[in-house]
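All ligand and atom numbering here is 1-based and tracks the order in the structure.
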Amino acid sequence: MSEDLETVSRQNGPGTLFVVATPIGNLEDITLRALRVLREADVFACEDTRTTGMLLKLLGVERGERRMVAYHDVNERRACQVLLDILKSGQNIALVSDAGTPLISDPGYRVVSLLREAGMPVVAVPGPCAAVAALGVSGLPTDRFTFFGFPPAKSGRRQRLISSLDGMRGTCVFYVPARQIPALLTDFQAFHPRWRLVVARELTKMFEEFIAGTAAEVQAAIAGRTLKGEVTLLAAAPIEGDDASGDDMTATQPQPEE
Ligand code: SAM
């Protein structure tokens with residue numbers, strides 16, 4: 001890796017694990033810093049080496065002879081040892097997932113956790129994340145939100161989760177396989193019929209779409225359609241009155257003390 005500001009202070013020490021966010025659809029969402037780190041890293045840690053190989057090609061990043069180490073839930077522990085040895089030898093690693101921010105409903109948690117425990121430098125190279133992108137344009141409260149990742153596929157467990165949202169403040173964010181959207185809408189219709197929902201589909205891509213309303217309204221809007229692609233679902237309890245941030249929610253910015 002070349003001597004830039006990020007590496008110069010770490011000369012002669014272990015390498016750094018850079019956790020690099022990549023686009024969730026639109027290639028232009030790659031950051032300048034992510035591009036540089038991908039160009040300069042010695043090794044790639046990938047969820048799927050073929051997907052990352054394709055991404056590098058599309059981004060015009062030469063892989064050359066650089067090694068790719070696959071990490072995923074099955075082999076994360078073994079991959080950790082390999083990655084630890086690489087860092088100890090002073091080489092830098094760019095850890096990427098198939099799309100978006102690694103570890104967010106993606107593998108990599110054990111890698112980061114164990115490498116941190118081993119005292120290795122871990123640095124974020126932030127960028128796209130479907131949950132945050134969807135939240136920011138949903139029109140739902142942003143001052144407090146809870147990320148649920150993928151809801152359970154089994155109906156009983158999923159219904160228990162949705163019914164347990166009673167009294168929840170702020171916005172609930174779910175990653176949902178498109179085919180599961182009708183079932184989830186039925187659950188919201190049963191347990192929270194007045195909640196405001198936003199289906200954010202194919203964010204940053206050609207067929208990006210937002211469908212907002214109560215569960216019944218969203219059901220009506222998609223009646224007769226089979227939703228396809230990647231979907232993030234956001235849900236928030238209705239807020240009485242005009243104060244969109246709710247009565248006891250924290251303000252967007254910290255307020256000066258009186
Ligand atoms: N790590 C990724 C991130 O930072 O968003 C998420 C990975 S998770 C395996 C994939 C899920 O994220 C999809 O099933 C979908 O729920 C959501 N997602 C990913 N890309 C999306 C997009 N372009 N539009 C809407 N949701 C998306």
- Query: Is it true that Tyr175 and Phe147 have ring centroids separated by less than 6.0 Å?
  - Reply: yes
- Query: So which of Ile162, Ile181, Thr232 actually passes side chain to side chain contact (heavy atoms under 4.5 Å, CB included) with Phe174?
  - Reply: Ile162
- Item | Distance-only polar pair, side chains of Asn26 and Thr204, donor-acceptor under 3.5 Å | no
Does [X] have more than 12 heavy atoms from other residues, nucleotides or ligands lying within 6.0 Å of its [atom1]?
X	atom1	value
Tyr109	OH	no
Arg225	CZ	yes
Lys205	NZ	yes

Considering only N or O atoms, set out every pair between ligand 1 and the protein closer than 3.5 Å, with distances to one decimal place.
unit_1   : atom_1 : unit_2 : atom_2 : d
ligand 1 : 1 (N)  : Ala99  : O      : 3.3
ligand 1 : 1 (N)  : Thr101 : O      : 2.9
ligand 1 : 1 (N)  : Ile104 : O      : 2.9
ligand 1 : 1 (N)  : Asp106 : OD2    : 2.8
ligand 1 : 4 (O)  : Thr101 : N      : 2.8
ligand 1 : 5 (O)  : Ala130 : N      : 2.8
ligand 1 : 5 (O)  : Tyr175 : OH     : 2.7
ligand 1 : 16 (O) : Val176 : N      : 3.4
ligand 1 : 16 (O) : Val231 : O      : 2.6
ligand 1 : 23 (N) : Ile24  : O      : 3.2
ligand 1 : 23 (N) : Leu203 : N      : 3.3
ligand 1 : 23 (N) : Leu203 : O      : 2.9
ligand 1 : 24 (N) : Leu203 : N      : 2.9
ligand 1 : 26 (N) : Thr232 : OG1    : 2.9

